[in-house]
Amino acid sequence: MAFLHFNNVGIAALAGALPEHVQKIDMDPANPRAAYIAQFVKQTGVRQRHISITEQTATDMGYTAMLKALERARWKADSLDGLIFLTQTPDFNMGTGNAFVLHNHLGMREDALAFDITLGCSSFPYGVSACAALLQQPYIKRIAMVTGDSHWQQAPSRKALLAQSVFLHGEGCTALLLERRDDSPVDISLYSDGKGYCFLYNPWGGIRHAWRKVPGRLPNGEVYKGGGNYMDGMEITSFSTMRVVDTIKDFLKRQSRTLDDYDGRVLHQANKQIIKTMARRLKIDLSKVPMTVEHLANTDGASATLTMVDAYAGCRKDQLKLLISAFGIGLSWGVVSLTIDPAVIVPMVTSSNRFDEDFLKPLA
């Protein structure tokens, strides 16, 4: 069973970075799709998002977040023993992971490890577990976990992106600095169900159908004709509101705790309806569940940490005990219990910075 306990993993800093451009859902009653849009907003809660219109990537935003986190922790980049980047949208190919690009731009040591983990919305529990496991090694004392994805590239052009009247996903990136620290307990449970991979995936996204990009029938009988990710909304809703909730209850039972033992309960910001249903089944007042989906949209793997930044940066409580649950593609999900000092959380920043030297140079 993947139930993990660490007693020596502390959080030194957490920072989040967003693209500067804010795009709002078109709520004009004169819009020909006004009725559909109103229903979409009611179900998802999404009213706006931050998204790049200058070709920023998660590495660009991750660099900004890393600088802010390093400044808050008073660390130098060359003091890091490792960097893990969790993303579904690498700047280049999967092998040339974002972690290597960021390792270069930060000027990290050659003997510092770096690699990507290809996960989506469940990135937080899986990423923290990997970082915490590495921190058990005698020569690894400081590690960075960077999480984020890009969505602007799914539109064929800047003009097409700006013309979108509705959208579910937004962009943002976080940097979490972890260190080996005595008497800093972290508890994690991890779960996966490979039978559900086809409920949320891109059939043409990898090499499986590299030569067969033709319409086909999905396991649930629907016909797929391309166009990016496929999601079985009914299955994903049932998964998140039933199985994930039962997992949280089991986690608490194993810990001999209740939700009242926590100062905050952070859920992946899939959509407002899912969050409300999960809160109801957990018997939590919705006012005690921080929500960012309305102004940040669904930010995938960075959702949990961006919500932590949004909700707790600058709050006055000395220590926060948080219960965090994230879930998504795979199917994969997990629960994390940890303590964080809100003083180490940097208020959210926006940035338009990007690394121009990473682009191919025009031929002379």
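In this text the structure is predicted, and so the values were computed from the model without any measurement.
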- request: Check Gln23 against Phe167 and note the closest heavy-atom contact, atom names and distance.
  value: O-CZ, 3.2 Å
- prompt: Is any side-chain heavy atom of Leu282 less than 4.5 Å from a side-chain heavy atom of Val289?
  reply: no
task: Please lay out, stage by stage, how Tyr126 and Ile117 fare under the test side-chain contact (heavy atoms from CB on, under 4.5 Å).
output: CA-CA 9 Å; Tyr126 276 84; Ile117 295 178; 5.6 Å; no
message: Grouping I, L, V, M, F, W and Y whenever their side-chain heavy atoms are under 4.5 Å apart, do Leu178 and Leu113 come out in a common cluster?
response: yes
- request: Please answer: with hydrophobic residues joined when any side-chain heavy atoms are less than 4.5 Å apart, are Trp152 and Tyr63 in the same cluster?
  value: no
message: Between Leu323 and Arg257, is there a side-chain heavy-atom distance shorter than 4.5 Å?
response: no
statement: Here the salt bridge (charged side-chain N to carboxylate O under 4.0 Å, His left out) pairs for residues 64-79, sequence neighbours left out, are none
- request: Please identify each residue that fulfils side-chain contact (heavy atoms from CB on, under 4.5 Å) with Ser325, with sequence neighbours left out.
  value: Val244, Ile248, Leu267, Phe327, Val335
message: Under 3.5 Å, is there a donor on one side chain and an acceptor on the other for Ser122 and Ser332?
response: yes
message: My understanding is that only residues two or more places apart in sequence, or in another chain, count here; which of them pass salt bridge (charged side-chain N to carboxylate O under 4.0 Å, His left out) with Asp116?
response: none
query: Do His295 side-chain atoms and Val46 backbone N/O form a donor-acceptor pair below 3.5 Å?
result: no
Those residues that, when tested against Tyr312, pass ring-ring contact (aromatic ring centres under 6.0 Å, His included) (two or more places apart): none
- prompt: Pick one: which of Thr44, Thr307, Asp310, Leu296 meets side chain to side chain contact (heavy atoms under 4.5 Å, CB included) with Gln269?
  reply: Thr307
task: Could you tell me whether the side chain of Leu286 reaches within less than 4.5 Å of the side chain of Lys276, counting heavy atoms only?
output: yes
field: Main-chain N/O of Lys141 paired with Asp81 side-chain donor or acceptor, under 3.5 Å
entry: yes
task: Taking Arg180 for its side chain and Ile140 for its backbone only, find out whether a donor-acceptor pair lies under 3.5 Å.
output: yes
Non-neighbouring partners of Thr59 that pass side-chain contact (heavy atoms from CB on, under 4.5 Å), sequence neighbours left out: Thr57, Phe85, Asp91, Asn98, Val101, Leu102
- prompt: For the residue pair Gly148 and Ala302, what are the closest heavy atoms and their distance?
  reply: CA-CB, 4.3 Å
message: Would you say that Tyr139 contacts Asp111 through its side chain, given a criterion of any heavy-atom pair below 4.5 Å between the two side chains?
response: no
message: Tell me the closest heavy-atom pair linking Ala112 and Leu80, and the distance in Å.
response: CB-O, 3.5 Å
- prompt: Checking Thr96 side chain against Asn93 main chain: does a donor-acceptor pair fall under 3.5 Å?
  reply: no
field: Considering all heavy atoms, the nearest Asn298-Cys121 contact
entry: OD1-SG, 4.3 Å
query: Side-chain heavy atoms under 4.5 angstrom apart, residues restricted to Ile, Leu, Val, Met, Phe, Trp, Tyr: same cluster for Phe199 and Leu168?
result: yes
Derivation of the side chain to side chain donor-acceptor pair (under 3.5 Å) call for Thr247 and Asp250: CA-CA 5 Å; Thr247 296; Asp250 182 64; over 6 Å; no
query: Parallel, tilted or perpendicular: which describes the rings of Tyr201 and Tyr197, with under 30° parallel and over 60° perpendicular?
result: perpendicular
task: May I ask you to test the Asn271-Gln43 pair for a side-chain heavy-atom distance under 4.5 Å?
output: no
- request: Check whether any side-chain N or O of Arg181 sits under 3.5 Å from a backbone N or O of Ile11 as a donor-acceptor pair, and report yes or no.
  value: yes
Side chain to side chain, Thr174 and Met308, heavy atoms closer than 4.5 Å: no
- request: Tell me yes or no: between the side chains of His105 and Asp358, is some donor less than 3.5 Å from an acceptor?
  value: yes
- prompt: Can you list the residues that meet the side chain to side chain donor-acceptor pair (under 3.5 Å) rule with Gln273, with sequence neighbours excluded?
  reply: none
- prompt: Rounded to the nearest 0.5 Å, how far apart are NE2 of His21 and CD of Gln56?
  reply: 11.5 Å
query: Excluding sequence neighbours, so at least two apart, what forms ring-ring contact (aromatic ring centres under 6.0 Å, His included) with Phe115?
result: none
query: What's the shortest heavy-atom distance between Pro19 and Ile51, and which atoms?
result: CB-C, 3.6 Å
query: Distance from Thr339 atom OG1 to Asp183 atom CG, nearest 0.5 Å?
result: 11.5 Å
message: If you define the side chain from C-beta out and look only at heavy atoms, does anything of Val9 sit under 4.5 Å from Leu338?
response: no
Salt-bridge criterion met for Asp187 and Arg254 (N-O under 4.0 Å): no
message: Determine whether Leu306 and Met348 satisfy the following criterion, side-chain contact (heavy atoms from CB on, under 4.5 Å), listing intermediate values before the conclusion.
response: CA-CA 8 Å; Leu306 283 172; Met348 198 80 76; 3.7 Å; yes
query: How many angstroms lie between atom CG of Asp318 and atom CG of Asp341, to the nearest 0.5 angstrom?
result: 7.5 Å
- prompt: What is the minimum heavy-atom distance between Leu161 and Ser52, and which atoms define it?
  reply: CD1-O, 4.3 Å
- request: Please name all residues satisfying side chain to side chain donor-acceptor pair (under 3.5 Å) with Arg280, sequence neighbours left out, ordered by chain then number.
  value: none
- prompt: Can you tell me how far the CG atom of Asn202 sits from the NE2 atom of His209, to the nearest 0.5 Å?
  reply: 10.0 Å
query: Going by heavy atoms in the side chains, are Ile25 and Arg49 under 4.5 Å from each other?
result: no
message: Under a 3.5 Å threshold, yes or no: a donor from one side chain and an acceptor from the other, between Arg33 and Ser165?
response: yes
message: Holding to side chain to side chain donor-acceptor pair (under 3.5 Å), I want the full list of residues that pass it with His151, two or more places apart in sequence or in another chain.
response: Gln154, Asp300
- prompt: What residues, two or more places apart in sequence or in another chain, satisfy ring-ring contact (aromatic ring centres under 6.0 Å, His included) together with Tyr224?
  reply: Trp204
field: Met61 side, atom CE; Thr147 side, atom OG1 - distance, nearest 0.5 Å
entry: 11.5 Å
query: Side chain of Ser150, backbone of Ala58: donor and acceptor closer than 3.5 Å?
result: yes
Transitive ILVMFWY side-chain link Met66 to Leu18, under 4.5 Å: no
message: Side-chain heavy atoms nearer than 4.5 Å, only ILVMFWY residues, links allowed to pass through others: does that put Ile143 and Leu83 together?
response: no
- request: Check whether the side chains of Ser337 and Tyr262 place a donor and an acceptor atom closer than 3.5 Å, and report yes or no.
  value: yes
field: Which residues share a side chain to side chain donor-acceptor pair (under 3.5 Å) with Tyr230, sequence neighbours left out
entry: Asn220
- request: Mind checking the CD-CG spacing from Gln88 to Leu86? Nearest 0.5 Å is all I need.
  value: 10.0 Å
- prompt: Got a sec, which residues hit side-chain contact (heavy atoms from CB on, under 4.5 Å) with Ala30, two or more places apart in sequence or on another chain?
  reply: Asp28
- request: Check whether the side chains of Asn8 and Gln136 place a donor and an acceptor atom closer than 3.5 Å, and report yes or no.
  value: yes
